[in-house]
Number of protein chains: 2
Amino acid sequence: MASLSCALYLPPKCSSIRENGSISNTPQASSALGVQRPPVLDVAYAVAFNPATSLAAEQIRQSVPTEKQLTDPFRQGLIVEGGVRYRQTVVIRSYEVGPDKTATLETILNLLQETALNHVWLSGLLGDGFRATHGRMRNNLIWVVTRMHVLLDEYPIWGEVVEIDTWVGASGKNGMRRDWPLRSRFTGRVFCRATSTWVMMNQQTRRLSKMPEEVRREISPWFTEMRAVQGEALEKIEKLDDNAKYVNSNLKPKWNDLDMNHHANNVKYVRWMLETIPDEFTEDHQLSSIVLEYRRECDSSDTVQSICEPDEDSLPRDKNIRILTGFSLAPEILDGGGLFGTLDKWPTRYTHLLQIKGEKKDEEIVRGKTTWRKKNKKSSNSSH
Amino acid sequence: MASLSCALYLPPKCSSIRENGSISNTPQASSALGVQRPPVLDVAYAVAFNPATSLAAEQIRQSVPTEKQLTDPFRQGLIVEGGVRYRQTVVIRSYEVGPDKTATLETILNLLQETALNHVWLSGLLGDGFRATHGRMRNNLIWVVTRMHVLLDEYPIWGEVVEIDTWVGASGKNGMRRDWPLRSRFTGRVFCRATSTWVMMNQQTRRLSKMPEEVRREISPWFTEMRAVQGEALEKIEKLDDNAKYVNSNLKPKWNDLDMNHHANNVKYVRWMLETIPDEFTEDHQLSSIVLEYRRECDSSDTVQSICEPDEDSLPRDKNIRILTGFSLAPEILDGGGLFGTLDKWPTRYTHLLQIKGEKKDEEIVRGKTTWRKKNKKSSNSSH
């Protein structure tokens, strides 16, 4: 046996993954799930353990609970809402903010991952020191994320105390949904809402799998119908080719970029995506939404290409009209990005693709769609 | 006034900075401190605030204490040892570990920075919402770090609860020392010890400054003689040129790499340094010591060169001798890196330099010295 793995849990029905990463609820035979190419990946959400490692020593150092707990004092986590919602309090650290003193997107994504994993941790479902006591481990199955959508209305600032809630629900017959809201503890304001879709994969064959009954029994008591993102439109992200406007090639994950599964971590993917957009744009704009559709993982032997195409119809048209019609411009329009937005002519939506450049063919890692807004100058500290 | 700044505090005597970054205790005139070139930098340890920012809103969101507090429940920090030592409990997060499931060096450095800043935060010395109520702010002075030495005997693992202590002490007449030990909360084992040296700098002129009496009064009640690193030898780090074995040029900080002061953050520096060493080495070796001597800051307009030279006399000689003399090799030597170490012929000490490539001349950012040991295979999970 190569190693034991466990990932973030979630549950299913008999489903298939569509090209846009959404789960179809149409019942299908299990063979439909056993597709050959690995269509999804366990980006930093799955945890691989080598049996050679001293488990006893690790257990003492990690003190992984083997039964459901209601609080985790060290992580400041607790179970609320009748047992289905995990809540963790975190303080935004000095190195988690960027030059404008707000949490970076990477920080937000990291905290979503962390709270999801801690939810599993506290629920006692990580297993007995990671040995296979649970259904999914016995079946050599791991949960893999296929889609993620994060909406950011505002970014927490350095030193801010935030509360992150997370829970799981059914997604079709064999899939699981995991949602998160993130809010200010003191003002209650919701900064960020996120939702994700997960399916089971056989860790050895890399084929998608139905959820065994044993796993369903384990996981379904945690399901809830609550939604962090209401009425989400599952818009398909079109596939780009390398005729796109921005292309960064020859990207290589360094040893330091790999996660516990020896794959490039999720944050590295997002970094590669966003670094393809010119700095002149990202300095003045703030990401308000990101959709990620995962196709396959990438490891240190892969060479990655990051492709990005602006959605030309996302230019701020309203402001052009204002100028043409000669309305007088209020100072806040001049100052707050209205006129700059027009002069910049920067589109506010971008389509992304990360792919592995293969000798024979390219293989998609992740497609993305980002939406941006002009930064509020007042929250950007540019002098120093 | 451009902006208010405050950084990590510490104290002084009338001192000068030697080329190796150490502080001389010899009393000197203050003109000796007012050197023209900016010889030190406030890498990610200083905090700049723009007066344009809404301070009232920030104060509510950050709730910065204006008086000394004894505990910070959200950060899990408290003051111990008669008021001079700050202690914070943190759990190593899933995304803070590398492929071998142990905390990365970047994580450790980030946590040292974070606890130092939280110590200042809890002590009430960050000021009234960052407005200039303190001596150093009135004098437009910030604390800047000139030298840092981190010793890593072992790395904490994912999920491990660690306690980080930190305190300050005098370093010469005008300098401050800040120390940290980091240990496992459950086993008590000390994983890491670190020490750093700080001096005051005028934020506008970028000249070093004596510590005003007002600042000394503020800070000296916090001083202690405790040492995390005993009997430290302040060995000078030689300056490299670009004839060195490994050279990475044209490194540019991206917008995302900048800290709150709009300088490339400290972790980025260390990343640039270590990425110059080939992956084949860093995959099998673990850093056991790093010394950093800071010379100046770098911002997004700079192009950086990372230079690295192995110390050829740091080849593992003992093992060569073993083979030559024909002693029988125990399995643990074969397995544990003894023979591999010999076959690899990798030196275990490296000298580093980051410099800005200028049109007229190059300017040093930071010199470094790293020491490595062969990784214990048992703690490295390479299968997945």
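These numbers come from the heavy atoms of this one structure, side chains and all, not from hydrogens, waters or symmetry mates. Order of the sequence lines sets the chain letters (A, B, ...), proteins ahead of strands, with each chain counted from 1.
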Test: [X] and [Y] ion pair at under 4.0 Å:
{"X": "E275(A)", "Y": "K252(B)", "value": "no"}
{"X": "E283(A)", "Y": "K254(B)", "value": "no"}
{"X": "E96(B)", "Y": "R93(A)", "value": "yes"}

Is S184(A) close to chain B through its backbone or its side chain, or both, or neither, when contacts mean heavy atoms under 4.5 Å?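 Neither part.
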
Side chain / backbone / both / neither for F74(A) at chain B, heavy atoms under 4.5 Å: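 For F74(A), heavy atoms of backbone and side chain both lie under 4.5 Å from chain B.
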
Quick check for you: to the nearest 0.5 Å, what is the distance between T104(B) atom OG1 and D257(A) atom CG?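 CG of D257(A) is found 10.5 Å from OG1 of T104(B).
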
Rounded at 0.5 Å granularity, tell me how far CD in Q76(A) sits from CZ in R75(B).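 Reported to 0.5 Å precision, the distance equals 10.5 Å.
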
Counting heavy-atom pairs closer than 4.5 Å to chain B, which one of V91(A), T282(A), V90(A), N110(A) comes out on top?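 Of V91(A), T282(A), V90(A), N110(A), N110(A) has the most heavy-atom pairs under 4.5 Å with chain B.
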
Backbone N/O of S94(B) and side chain of E114(A): donor-acceptor pair under 3.5 Å: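 Yes, because the side chain of E114(A) sits within donor-acceptor range (under 3.5 Å) of the backbone of S94(B).
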
Checking Q62(B) side chain against I157(A) main chain: does a donor-acceptor pair fall under 3.5 Å?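 Such a contact is absent between Q62(B) side chain and I157(A) backbone.
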
Engaged part of R271(B) at the chain A interface, taking heavy atoms whose separation is under 4.5 Å: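 Only the side chain of R271(B) comes within 4.5 Å of chain A.
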
Taking Y95(B) as the fixed residue, which of N265(A), L117(A), L111(A) is the one that meets the side chain to side chain contact (heavy atoms under 4.5 Å, CB included) rule?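 When side chain to side chain contact (heavy atoms under 4.5 Å, CB included) is applied between Y95(B) and each of N265(A), L117(A), L111(A), only L111(A) qualifies.
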
Looking only at heavy atoms, what is the nearest atom pair of R61(A) and F191(B), with distance?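 Between these two residues, the closest heavy atoms are NH2-CZ, 3.7 Å.
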
